[in-house]
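All heavy atoms count here, side chains included; hydrogens, waters and symmetry mates do not. Remember, it's a predicted structure, so these values are computed and weren't measured experimentally.
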Amino acid sequence: MTKFNPLWQLTRVKARQLKNYKEKLKYVLDYLEKNPNIHDYARVHNWLTMTAVGYKNKMPEAAMAFMNAASDIEKNKDLYNAPSDNGYELSDLTYEELRLILADLEKRKYGFQFKTVPKAHTEFLEALKKQLSQFRTCSPS
């Protein structure tokens, strides 16, 4: 399982743009409902717990909502046991969607977790840039 799945990254970035924490939560849980597999379960569970940490001091009720959602999907983990990932590739995304993900990941900081940027992050950024360059080379002159 890798968190650098194109559809998950797009979902995560779009959820970030939502201002209301309840909307964020619903958006991501809807994603999991549409992609009930072990990979997306792990991605969403991690996102829920890490988002709860981010809200812990500034909005405790939001933090609790994210932790409760993580607990709920843990209780129903068997609903998300399909072994296949969601199958999305970078080529399935539009130019705008790729740019949105790239902009978000280029400013991402890992200092609180790792000493260096994870290799998977760097590889995904390079793949994003390569896919974006395909749009430039395919456009009519």
Side-chain angles (χ1 to χ4, degrees), residues 1-140:
M1 192 282 297
T2 174
K3 66 181 174 181
F4 295 107
N5 170 281
L7 184 58
W8 166 244
Q9 287 299 319
L10 181 61
T11 301
R12 182 189 64 75
V13 171
K14 285 185 173 185
R16 257 186 117 170
Q17 293 176 330
L18 299 171
K19 299 302 175 202
N20 181 296
Y21 77 87
K22 291 177 184 176
E23 291 175 11
K24 289 178 193 282
L25 190 54
K26 182 181 179 338
Y27 191 78
V28 171
L29 291 175
D30 285 349
Y31 166 83
L32 181 59
E33 187 175 314
K34 292 174 190 164
N35 299 282
N37 62 70
I38 58 175
H39 307 283
D40 284 311
Y41 166 84
R43 292 175 186 121
V44 170
H45 189 274
N46 181 64
W47 181 85
L48 290 168
T49 55
M50 295 307 290
T51 303
V53 170
Y55 275 110
K56 187 178 175 183
N57 292 328
K58 63 182 175 182
M59 194 182 272
E61 70 277 7
M64 185 58 70
F66 286 99
M67 289 307 297
N68 288 341
S71 179
D72 288 346
I73 68 169
E74 282 173 24
K75 290 175 192 165
N76 296 300
K77 190 175 182 178
D78 59 320
L79 297 175
Y80 315 107
N81 61 4
S84 297
D85 205 346
N86 62 40
Y88 270 74
E89 301 293 331
L90 289 172
S91 58
D92 296 323
L93 302 179
T94 67
Y95 180 84
E96 292 76 22
E97 291 169 335
L98 293 166
R99 289 287 312 148
L100 188 65
I101 296 168
L102 180 64
D104 180 77
L105 290 176
E106 283 183 325
K107 63 184 177 188
R108 188 164 206 176
K109 305 277 190 258
Y110 283 98
F112 70 98
Q113 252 177 332
F114 307 106
K115 291 184 186 206
T116 61
V117 175
K119 184 178 178 184
H121 175 97
T122 304
E123 289 172 350
F124 191 72
L125 281 181
E126 291 306 313
L128 275 168
K129 291 174 185 175
K130 183 177 179 183
Q131 187 63 40
L132 280 164
S133 74
Q134 297 299 312
F135 282 96
R136 289 187 206 101
T137 59
C138 293
S139 349

Worksheet item: Quick one: does Lys24's side chain have a donor or acceptor within less than 3.5 Å of a partner on Lys19's backbone?
Response: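 Looks like no, no N/O pair under 3.5 Å.
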
Residue pair [X] / [Y]: nearest heavy atoms and the distance that separates them:
X	Y	value
Thr49	Met67	CA-SD, 4.2 Å
Lys14	Tyr27	CD-OH, 3.2 Å
Val44	Tyr31	CG2-CD2, 3.9 Å
Pro6	Glu89	CG-C, 3.7 Å
Phe4	Phe124	O-CE1, 3.1 Å
Ser84	Asn37	O-CB, 3.1 Å

Worksheet item: Are any of the side-chain nitrogens in Glu123 or Lys119 under 4.0 Å away from the carboxylate oxygens of its partner?
Response: yes

Worksheet item: Is Asp104 salt-bridged to Arg108, going by a charged N under 4.0 Å from an acidic O?
Response: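 Answer for the salt bridge query: no.
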
Discussion item. Just checking Lys77: does its NZ atom have more than 12 heavy atoms from other residues, nucleotides or ligands closer to it than 6.0 angstrom?
Written reply: no

Worksheet item: For Glu74, does the CD atom sit with more than 12 other heavy atoms under 6.0 Å from it, leaving out its own atoms?
Response: yes

Worksheet item: Could you go step by step and tell me if Arg43 and Asp85 meet the salt bridge (charged side-chain N to carboxylate O under 4.0 Å, His left out) rule?
Response: CA-CA 11 Å; Arg43 292 175 186 121; Asp85 205 346; 2.7 Å; yes

Item to complete: Applying side chain to side chain contact (heavy atoms under 4.5 Å, CB included), run through Tyr80 and Asp40 and close with a yes or a no.
Response: CA-CA 8 Å; Tyr80 315 107; Asp40 284 311; over 6 Å; no

Drop me the distance from [X]'s [atom1] to [Y]'s [atom2], to the nearest 0.5 angstrom.
X	Y	atom1	atom2	value
Leu93	Leu98	CG	CG	5.0 Å
Leu25	Asn68	CG	CG	9.5 Å
Leu7	Glu97	CG	CD	9.0 Å
Leu100	Leu10	CG	CG	6.5 Å
Lys26	Glu33	NZ	CD	8.0 Å
Glu61	Lys22	CD	NZ	8.5 Å

Side-chain heavy-atom pair [X], [Y] within 4.5 angstrom cut-off:
X	Y	value
Leu125	Lys130	no
Leu105	His121	yes
Met59	Met64	no

Worksheet entry | Test side chain to side chain contact (heavy atoms under 4.5 Å, CB included) applied to Ile73 and Leu29, step by step | CA-CA 9 Å; Ile73 68 169; Leu29 291 175; 4.1 Å; yes

Discussion item. Checking Leu102 against Lys129 for the side chain to side chain contact (heavy atoms under 4.5 Å, CB included) test, could you report, in this order, the C-alpha distance in whole Å, the side-chain angles of both residues, the deciding distance, and whether it holds?
Written reply: CA-CA 8 Å; Leu102 180 64; Lys129 291 174 185 175; 4.1 Å; yes

Item to complete: Give a yes or no on whether the ring-centroid distance for Tyr88 and Trp8 is below 6.0 angstrom.
Response: no

Item to complete: Answer yes or no on whether Lys58 is positioned over the face of Tyr55, meaning its NZ or CZ is under 6.0 Å from the six-membered ring centre and within 45° of the axis.
Response: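 Lys58 over Tyr55 ring: yes.
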
